[in-house]
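Chain letters run A, B, ... following the sequence lines, proteins first and then strands; every chain starts at 1.
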Amino acid sequence: MHKRYQHQDFEGKWQQVWADQKIYDVGERDETKEKEYVLVEWPYPSGNLHVGHWYAFGVPDIYVRFKRMSGKQVLYPMGFDAFGLPAENAAIKRNINPKDWTESNIAYMKQQLLSMGNAFSWDKTTASIDEDYYRWTQWMFTEFFKHDLAFRGVATVNWDPIDNTVIANEQVLADGTSERSGAVVIKKELPQWMLKITNFANELIDDLDSLDWPHFIKEGQRQWIGRSKGAELSFTLSSGDRVAVFTTRIDTLFGVTYLVLAPEHPLIPTLTIINHDEVTTYIATAAQKAEQDRLDATKEKTGVRLEGVTATNPISGEVIPVFVADYVIGSYGTGAVMAVPAHDARDYEFARKFELPIIQVISGTDELPYSGPGQLTNSGSLNGLSIEEATPRIIEKVGANVTETFRLRDWSIGRQRYWGVPIPIVYDPSGQAHPVPLEHLPWRLPTDVDFTPTGEAPLAKSVELKERTERIFGAGWTPEVETMDTFVDSSWYFLRYIDNKNDEIFSSLEKQRQWMPVDTYFGGAEHTTMHVLYSRFWQKALHKLELAVHNEPYLRRFNRGLVLGTDGNKMSKSKGNVIDPDEQVKLVGADTVKMYLAFMGPYTETTTYPWDMGGIAGIRRFLERVNGLVDHIIDTEPRSSTEQLHRAIAKVCNDFNHCKFNTAISALMIYVNHVEKAGLSKASYETFLTILAPLAPHLTEELWATLGHTASIHLESFPEADETYLKADTVTIGVQINGKLRGQLTLPSEADEATARAHLAESEELKGRLERLTITKIIYVPGKILNIIGTEI
RNA sequence: GCCGAAGUGGCGGAAUGGUAGACGCGUGCGACUCAAAAUCGCAUAUCGCAAGGUGUGAGGGUUCGAGUCCCUCCUUCGGCACCA
């Protein structure tokens, strides 16, 4: 008789044993085995594990354990992305140091993570706040600086005019106000530390082709980078200046009826403009314009004509007016646009408002604006040509350059915050920036800082930082006072895991050759563009500087879904629908919680799953039955049980490989349903425990030990299905008449068509129908279907 | 508006172009019990007494055969959003 399933009696015990025996540590690379690097996004140590963490780390753990048992050397590291605003806010609120707060959270969270019973490679852990981590973050930044990949540029930032500080996009609320002060956020041009991600724009798109990622993630990145192929050409102004414009539709050049410059366009201040005051006022208003208005694409277009300035259409020689309007973006393309109101919705709207001529130059419809295919018209000698034919001719005629433009901007990484990696730059007395040399790294975050927000960068108030700079570099030298965006920290953590104790370099080429690239990266959909793109850039930049072996960090990427509350809403304290995983674990055990999350639905779908109390009870019920399975052991099991076992092995193995944990679990349920009735041998019982082990590591370990085993079940090999048991003697197939299902037929599994016909002739079920049928054709797909085509009498 | 994903029972979801609804939840009936819970057994897409129909968002198409492939449309979700 079996013991009751008391998860609380053994889950903690086994977690302790695994930790003591370090059975999940990977140690050095073992070249006799294939490697598998499984990565999950390292968490922010908020101090409390929620269901999302379980979903993010617990379900991939199934895959990890399966691969490990299948003979791979699996690296499944865990660490902490521990810089960031929440620590600063918590510290301000509780009047404690962000470092202490963060470190105590990490310690607590490690304990919680252990309670999940995951097979983490704890010997490879790291955290972004460790000095031997951020030292290298800083060093790589200085290398980028030396190679012009990090630079001081000008970026448009979100400016909070009440707090007088730069705020992040995420802190701008949907209505365009600041999350912090409630002020209406404005755009401001400020000098910023930037990373030259745009240098890699083409590679970041083109190299996606080599990756085994879902289509939608690749498309998301492509769209984010936003490559447009087109042409750049110049218009000559009445002042003699030339204005470059970028267009994807140079074929519509004859339809240009005006030119538009962005308010930020550098040429404007140099021009002699009759209505100078009006233009200046407009530009000032546009610059101060609230984020609120800019967000609203449906708002009416505004602009001012530059009186006294005209431009000449390079192909028609026509003289056209020039406008300044904020619907043209200064930082995209050349910051100037040739307006073709007949074939562009925005230009059309603007032209209607300012009563400008609209000349249709592509035929196809009378409905304007029109952007579909057609022939050129009103285009001089080019009339009648298709868009494709006309494009190269016009390019040649006006001497345009075929070019590409990107939506992607350089990455602005400076933050006026305390709790981050100090940007390792010092300025000499003339204001020239110099990288802090490696011997002085880590360039430590000073502690003598009041980080209460005032609008000034907190590090500017540090006496220690100022004195340190002067002591090391000389009198009059000053430190950079900004810290780095935390996305920088997480752009290379997977490289540190594999060589986390190296003092010489952030990650040796040797270790990279051994472990990189990441084979499977499980993560959240919210990181599709930002983090995944930034870290791809970082990898490419390192590769270019010959500091990284590989050009791409992640071979395979999966985005998981989102677990909702029982009411179908996103879990939130205010809705009171938060499921506390600790409570659930206490109630039903870690194995049940993990298996329930895996059973809810396919893991690699980016969708939502409401938490179902009945569903988790069902999983617990299943594990109770597994616990009692020992009572069904018999000396000689029937062949059906052996067949079912091997079918389950084959199915589970295949499903695990494809991360389809839900159907793998269902296969195991089918097996248990069968052997509870038919009985199973002791050998089969042991085999079953090994295939269940990745899903229920604690229970299977306990049952394994009960059988007298002294070594862990997790060191066993994953069984292989025996082909001879996968084939049944007979097979039941469907019989269709004219494509409609009309009955069934049980045949020997290797039956040929003649045999199938012979069985059909004897079928009582189908007799009546067949008598009324003149058969013209029979389609027989062995093991699948018999379709009889004919005419009914 | 553009890009992407998805629409299957009361619910979560299964289904290499080949018997739609596996598995689980829920529900109903039964067994056990003084009773309830737990557990076990049976049933459970839908219309129909039945024979037999009808069914995977809608409508077309390809095919011997379509949830699956193609076209048009609708709805929901996610991302981007004046990017020339």
Side-chain angles (χ1 to χ4, degrees), chain A residues 214-224 226-228 230 245-250 252 260 262 294-299 301 325-340 343-347 349-350 371 405-409 525-526 528-529 559 561-562 568 595-596 599-602 605-619 621-622 624-625 628 651 660 662-673 676-677 732-745 768 776-790:
Chain A
H215 174 75
F216 72 94
I217 301 183
K218 292 186 182 183
E219 270 311 307
Q221 294 220 346
R222 285 193 192 105
Q223 211 195 317
W224 185 267
R227 177 162 65 189
S228 291
V245 301
F246 172 77
T247 178
T248 55
R249 291 296 304 276
I250 199 165
T252 62
V260 192
R294 288 221 168 184
L295 283 171
D296 187 3
T298 59
K299 64 145 189 164
K301 302 246 176 315
D326 71 354
Y327 81 90
V328 171
I329 297 163
S331 55
Y332 181 78
T334 61
V337 162
M338 57 174 236
V340 188
H343 304 290
D344 180 280
R346 297 151 303 187
D347 299 341
E349 195 194 323
F350 191 83
S371 57
T405 297
F406 298 89
R407 211 187 67 96
L408 184 71
R409 304 297 145 80
E526 70 277 18
T528 297
T529 43
N559 281 5
L562 186 69
M595 255 179 92
Y596 167 63
F599 189 60
M600 256 177 350
E605 291 278 319
T606 311
T607 182
T608 53
Y609 299 105
W611 187 277
D612 176 11
M613 289 302 179
I616 193 168
I619 293 291
R621 215 148 31 221
F622 170 69
E624 298 266 7
R625 290 165 65 191
K651 173 80 176 151
K660 294 179 73 180
N662 55 333
T663 47
I665 293 169
S666 130
L668 294 173
M669 288 172 166
I670 291 169
Y671 176 72
V672 171
N673 287 344
E676 272 186 343
K677 294 197 183 77
T732 302
I733 66 168
V735 179
Q736 294 180 336
I737 293 175
N738 291 327
K740 290 253 179 200
L741 185 72
R742 294 302 181 198
Q744 290 185 327
L745 215 51
T776 54
K777 192 178 173 186
I778 287 189
I779 291 150
Y780 174 58
V781 184
K784 300 286 186 190
I785 204 87
L786 184 67
N787 192 2
I788 303 151
I789 313 302

Same-atom distance ([atom1]) from [N] to [M], integer angstrom:
{"N": "B:U44", "M": "B:C34", "atom1": "P", "value": "32 Å"}
{"N": "B:U56", "M": "B:A20", "atom1": "P", "value": "12 Å"}
{"N": "B:C64", "M": "B:G21", "atom1": "P", "value": "25 Å"}
{"N": "B:G67", "M": "B:A14", "atom1": "C1'", "value": "11 Å"}
{"N": "B:C73", "M": "B:G4", "atom1": "P", "value": "15 Å"}
{"N": "B:U39", "M": "B:G24", "atom1": "P", "value": "14 Å"}
{"N": "B:U68", "M": "B:G79", "atom1": "C1'", "value": "27 Å"}
{"N": "B:C23", "M": "B:C71", "atom1": "P", "value": "35 Å"}

Touch class at under 4.0 angstrom, heavy-atom based, for [X] against every strand present:
{"X": "A:Phe216", "value": "sugar-phosphate"}
{"X": "A:Ile779", "value": "base"}
{"X": "A:Ile789", "value": "sugar-phosphate"}
{"X": "A:Phe599", "value": "base"}
{"X": "A:Asn673", "value": "sugar-phosphate"}
{"X": "A:Thr606", "value": "nothing"}
{"X": "A:Asn787", "value": "base"}
{"X": "A:Gly618", "value": "sugar-phosphate"}
{"X": "A:Pro610", "value": "nothing"}
{"X": "A:Val735", "value": "nothing"}
{"X": "A:Thr732", "value": "base"}

Rounded to whole Å, how long is the line connecting atom [atom1] of [X] with atom [atom2] of [N]?
{"X": "A:Ile616", "N": "B:G12", "atom1": "CD1", "atom2": "P", "value": "18 Å"}
{"X": "A:Asp612", "N": "B:G12", "atom1": "CG", "atom2": "P", "value": "10 Å"}
{"X": "A:Asn559", "N": "B:G78", "atom1": "CG", "atom2": "C1'", "value": "11 Å"}
{"X": "A:Tyr609", "N": "B:C77", "atom1": "OH", "atom2": "P", "value": "17 Å"}
{"X": "A:Phe622", "N": "B:G24", "atom1": "CZ", "atom2": "P", "value": "9 Å"}
{"X": "A:Lys784", "N": "B:U19", "atom1": "NZ", "atom2": "P", "value": "7 Å"}
{"X": "A:Ile733", "N": "B:U19", "atom1": "CD1", "atom2": "P", "value": "10 Å"}
{"X": "A:Met600", "N": "B:G12", "atom1": "CE", "atom2": "P", "value": "13 Å"}

In Watson-Crick or G-U wobble terms, both distances under 3.5 Å, what is the partner of [N]?
{"N": "B:G17", "result": "none"}
{"N": "B:C82", "result": "none"}
{"N": "B:U39", "result": "B:A31"}
{"N": "B:G12", "result": "B:C23"}
{"N": "B:U63", "result": "none"}
{"N": "B:C77", "result": "B:G4"}

Short side-chain N/O contact from [X] to OP1 or OP2 of [N], under 4.0 Å:
{"X": "A:Asn662", "N": "B:A14", "answer": "yes"}
{"X": "A:Arg742", "N": "B:G53", "answer": "yes"}
{"X": "A:Lys740", "N": "B:G55", "answer": "no"}
{"X": "A:Arg621", "N": "B:A38", "answer": "no"}
{"X": "A:Tyr332", "N": "B:A84", "answer": "yes"}
{"X": "A:Thr663", "N": "B:G13", "answer": "no"}
{"X": "A:Lys660", "N": "B:U16", "answer": "no"}

> Minimum heavy-atom separation for A:Val260 to A:Ala325, with atom names?
Replying inline: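 Scanning both residues completely, I find the closest heavy atoms to be CG1-CB, 3.6 Å.
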
> Which atom pair, heavy atoms only, marks the closest approach of A:Tyr596 to A:Pro610?
Replying inline: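 Heavy atoms only, the tightest pair is OH-O, 3.8 Å.
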
>> Using a 3.5 Å distance criterion without hydrogens, assess whether the side chain of A:Tyr609 forms a donor-acceptor pair with backbone atoms of A:Pro602.
In response: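 Yes, because the side chain of A:Tyr609 sits within donor-acceptor range (under 3.5 Å) of the backbone of A:Pro602.
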
From the options [options], select the nucleotide whose nearest atom is closest to the side chain of [X].
{"X": "A:Met669", "options": "B:G24, B:A22, B:A84", "value": "B:G24"}
{"X": "A:Lys677", "options": "B:C3, B:C80, B:G41", "value": "B:G41"}
{"X": "A:Ile329", "options": "B:G18, B:A84, B:C40", "value": "B:A84"}

> Pick the nucleotide of RNA chain B nearest each of A:Tyr327 and A:Gln223; which residue has the one closer to the 5' end?
Replying inline: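 Its nucleotide being nearer the 5' end, the pick is A:Gln223.
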
>> Quick check on RNA chain B: between A:Met338 and A:Gly743, whose nearest nucleotide comes earlier from the 5' end?
In response: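 Mapping each residue to its closest nucleotide by heavy atoms, the 5'-most match is A:Gly743.
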
>> With syn defined as a glycosidic angle within 90° of 0 and anti as the rest, where does B:G9 land?
In response: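 It is syn.
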
>> Ring-plane angle category for A:Phe246 and A:Tyr332, please: parallel below 30°, perpendicular beyond 60°, tilted otherwise.
In response: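 Taking A:Tyr332 first and then A:Phe246, their aromatic rings stand perpendicular (interplane angle over 60°).
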
> Can you find a pair of side-chain heavy atoms, one from A:Val337 and one from A:Val245, that are under 4.5 Å apart?
Replying inline: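 Side chain of A:Val337 against side chain of A:Val245, heavy atoms only: no contact under 4.5 Å found.
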
> If we only count heavy atoms from C-beta on, is the A:Asn662 to A:Lys660 side-chain gap below 4.5 Å?
Replying inline: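 Yes, side chains in contact.
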
Which value, rounded to the nearest 0.5 Å, describes the distance between [X] atom [atom1] and [Y] atom [atom2]?
{"X": "A:Trp611", "Y": "A:Ile616", "atom1": "CH2", "atom2": "CD1", "result": "4.0 Å"}
{"X": "A:Arg249", "Y": "A:His343", "atom1": "CZ", "atom2": "NE2", "result": "7.0 Å"}
{"X": "A:Gln221", "Y": "A:Lys218", "atom1": "CD", "atom2": "NZ", "result": "10.5 Å"}

